[in-house]
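Report on the following structure.
Only heavy atoms go into these numbers, but all of them, side chains included; no hydrogens, no water, no symmetry mates.
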Amino acid sequence: MKWIWQQPDWPSFRFDNHALDDRELEFRINSERLAGRFEALPMASQEDATIDLMLSEAITTSAIEGEDLDRESVRSSLLSLITSDTLPDNSDQKAAGAAMLLVDVRKNWQTPLTHDLLGKWQSMAVPEQRYTPILRGAYRNDPSPMQIVSGPYGREKVHYEAPPATQVPDEMARFIDWYNQTSSLYGGKKMPGIARAGTAHLWFEVIHPFDDGNGRVGRAIADHALSQSLGYPTTACLATAIEGDKKSYYLQLEKASRGSLDVNDWLDFFANKVIKAQEIAREEVDFVLAKTRFYEAYGDQLNDRQARMVSRVFAEGRKGFEGGITTKKYEAITKCPNRTASRDLSDLVTKGIIIPLPGGGRTTRYELTTVNPAVQGLMKK
């Protein structure tokens, strides 16, 4: 026997009920603090924070699977879906699909899992493409083995082989039944939130029910489970945390899919990623708060070109504008001549809106100043 689904006691997962107690408590405390931080933002900033959090997730959950999405296309789709429940005209299909999946999971966090709901999520994760045999919205039915492999042709390494397609409907029926029965929302047998989310993610990935999109749907299920345990949509950036340690994530999944049904090591890894995801979410919310303070302090002091440059810097998100602001970059962003760029930047330095970065060499680099509450209060007086 090689894979856990071949074990006679499959799917009776075993784990220490109290091993995650400290991180379960930390998760709940962090969630309450995040919710408080979020609610302290002005209403418009709450929308910005929601979009930034979901933008990070949409891009990174696709990046884990090796797909690069255009940041602005995803942002545009998220903004349109959240504000008007529609997609922008001529939207990029992959970007739109990633945005739709994140919004739908957040909107349906109280909804029980069903075959149809999972099929809908998979269709969002895998946009329609011509001349491809990939099934969308339905479980795989190809009789050939579903394998995860790496390496050159002829010397492939099989990291995992899923149950045959003929078993998938029964396997998924059992999984969905367990998932809904263990949700505290429906009065079933309650499980600790992190343990339920981690088990659900692993179980779904072991079945690997779709031709494509299993990773993205599996992480959506984990977010859905975490939200149900809290009683409101989670703001944790799980995919972002996983993408930062993608190699370990795949190694832990591979390890957990072999041998026994003891999943303590997997749940330990998963719990750490959930806590890391909350740290990232806190940084995202703090970034939006910093952006709000900046515009309140300096927004009316920017000319159109300067405002365009500042907007472009903030569009890079919490990781910042790589390499800093330079005269050359300012020219490219604002489409202005060198003399105008130099004059605008000097004006921003004089006003304290940007500050020079150390170690710039021949080219002076700048960054936006950080506005703290004390300074902001003085400026308003």
Side-chain angles (χ1 to χ4, degrees), residues 3-7 9-31 57 60-61 64 105 109 113 148 159-160 162 171 174-185 188-209 214-231 234-281:
W3 314 113
I4 58 173
W5 56 267
Q6 295 173 313
Q7 294 286 358
D9 53 345
W10 162 261
S12 298
F13 295 103
R14 299 187 297 275
F15 60 91
D16 182 344
N17 280 315
H18 300 292
L20 304 181
D21 283 355
D22 56 338
R23 278 162 292 181
E24 181 74 24
L25 178 60
E26 187 177 358
F27 168 67
R28 294 187 176 278
I29 291 172
N30 288 347
S31 296
E57 284 295 273
T60 52
T61 197
I64 294 169
V105 172
W109 69 270
L113 281 192
I148 298 173
H159 296 276
Y160 179 64
E171 292 286 357
R174 182 160 51 175
F175 165 72
I176 288 172
D177 187 54
W178 166 85
Y179 184 88
N180 292 330
Q181 285 188 14
T182 54
S183 173
S184 57
L185 297 180
K189 179 185 177 183
K190 188 176 178 181
M191 276 181 74
I194 292 178
R196 178 171 176 260
T199 302
H201 182 60
L202 174 63
W203 191 343
F204 179 85
E205 297 304 330
V206 167
I207 299 171
H208 231 67
N214 294 288
R216 280 157 286 187
V217 176
R219 288 184 289 276
I221 290 170
D223 283 333
H224 191 261
L226 291 172
S227 297
Q228 289 195 343
S229 74
L230 292 172
T234 178
T235 51
C237 296
L238 184 57
T240 310
I242 288 171
E243 203 273 335
D245 193 15
K246 184 166 58 174
K247 185 176 180 181
S248 295
Y249 168 67
Y250 281 127
L251 285 173
Q252 289 294 333
L253 272 179
E254 181 179 350
K255 180 182 174 184
S257 64
R258 297 175 181 267
S260 77
L261 288 159
D262 184 319
V263 293
N264 280 297
D265 287 348
W266 160 254
L267 290 180
D268 181 69
F269 172 83
F270 183 83
N272 288 337
K273 289 301 159 198
V274 169
I275 301 303
K276 177 63 178 176
Q278 291 184 308
E279 292 175 14
I280 294 169

Full working for side chain to side chain contact (heavy atoms under 4.5 Å, CB included) between Phe27 and Ile29: CA-CA 6 Å; Phe27 168 67; Ile29 291 172; over 6 Å; no

Residue pair Phe13, Asp262: steps toward the side chain to side chain contact (heavy atoms under 4.5 Å, CB included) verdict: CA-CA 6 Å; Phe13 295 103; Asp262 184 319; over 6 Å; no

Side-chain contact, heavy-atom cut-off 4.5 Å: [X] with [Y]?
{"X": "Leu202", "Y": "Phe270", "answer": "no"}
{"X": "Ser184", "Y": "Gln228", "answer": "no"}
{"X": "Trp5", "Y": "His208", "answer": "no"}
{"X": "Asp223", "Y": "Glu57", "answer": "yes"}
{"X": "Trp109", "Y": "Leu226", "answer": "no"}
{"X": "Tyr160", "Y": "Glu254", "answer": "no"}
{"X": "Ser260", "Y": "Arg14", "answer": "yes"}
{"X": "Tyr249", "Y": "Phe269", "answer": "yes"}

Working for salt bridge (charged side-chain N to carboxylate O under 4.0 Å, His left out), residues Asp245 and Lys273: CA-CA 9 Å; Asp245 193 15; Lys273 289 301 159 198; 3.4 Å; yes

Hey, what do you get for [atom1] ([X]) to [atom2] ([Y]), rounding to the nearest 0.5 Å?
{"X": "Asp22", "Y": "Leu20", "atom1": "CG", "atom2": "CG", "result": "7.5 Å"}
{"X": "Arg196", "Y": "Ile221", "atom1": "CZ", "atom2": "CD1", "result": "10.5 Å"}
{"X": "His18", "Y": "Glu24", "atom1": "NE2", "atom2": "CD", "result": "12.5 Å"}
{"X": "Gln181", "Y": "Met191", "atom1": "CD", "atom2": "CE", "result": "12.5 Å"}

Side-chain (Asn30) to main-chain (Ile275) donor-acceptor, under 3.5 angstrom: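 Judged by distance alone, no pair lies under 3.5 Å.
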
Main-chain N/O of Ser257 paired with Trp3 side-chain donor or acceptor, under 3.5 Å: no

Between Ser227 and Thr234: side-chain donor-acceptor atoms closer than 3.5 Å: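 Note: Ser227 and Thr234 side chains miss the donor-acceptor criterion.
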
Could you pull out the closest heavy-atom pair between [X] and [Y], with the gap in Å?
{"X": "Ser31", "Y": "Gln278", "result": "OG-NE2, 2.9 Å"}
{"X": "Leu238", "Y": "Ala222", "result": "CD2-CB, 3.7 Å"}
{"X": "Gly193", "Y": "Ser229", "result": "CA-CB, 3.5 Å"}
{"X": "Glu205", "Y": "Gly215", "result": "OE2-CA, 3.6 Å"}
{"X": "Ser12", "Y": "Leu261", "result": "O-CB, 3.6 Å"}
{"X": "Cys237", "Y": "Ile280", "result": "CB-CG2, 3.9 Å"}

Report the residues that fulfil salt bridge (charged side-chain N to carboxylate O under 4.0 Å, His left out) with [X], sequence neighbours left out, ordered by chain and then residue number.
{"X": "Asp265", "answer": "Lys255"}
{"X": "Arg219", "answer": "Glu65"}
{"X": "Arg23", "answer": "Asp268"}
{"X": "Glu243", "answer": "none"}

Whether Trp203 and Phe175 hold their rings parallel, tilted or perpendicular, with breakpoints at 30° and 60°: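 If you compare the ring of Trp203 with that of Phe175, the planes turn out perpendicular.
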
side-chain hydrogen bond (donor to acceptor under 3.5 Å, both in side chains) against Glu171, all qualifying residues, sequence neighbours excluded: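 Trp10, Arg174.
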
side-chain hydrogen bond (donor to acceptor under 3.5 Å, both in side chains) involving Asp16 - partner list, sequence neighbours excluded: none

Name of the residue among Leu267, Ile194, Thr182 meeting side-chain contact (heavy atoms from CB on, under 4.5 Å) with Thr199: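 Result for side-chain contact (heavy atoms from CB on, under 4.5 Å) with Thr199: Leu267.
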
Pair Tyr179 + His224: ring centers closer than 6.0 Å: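 Yes.
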
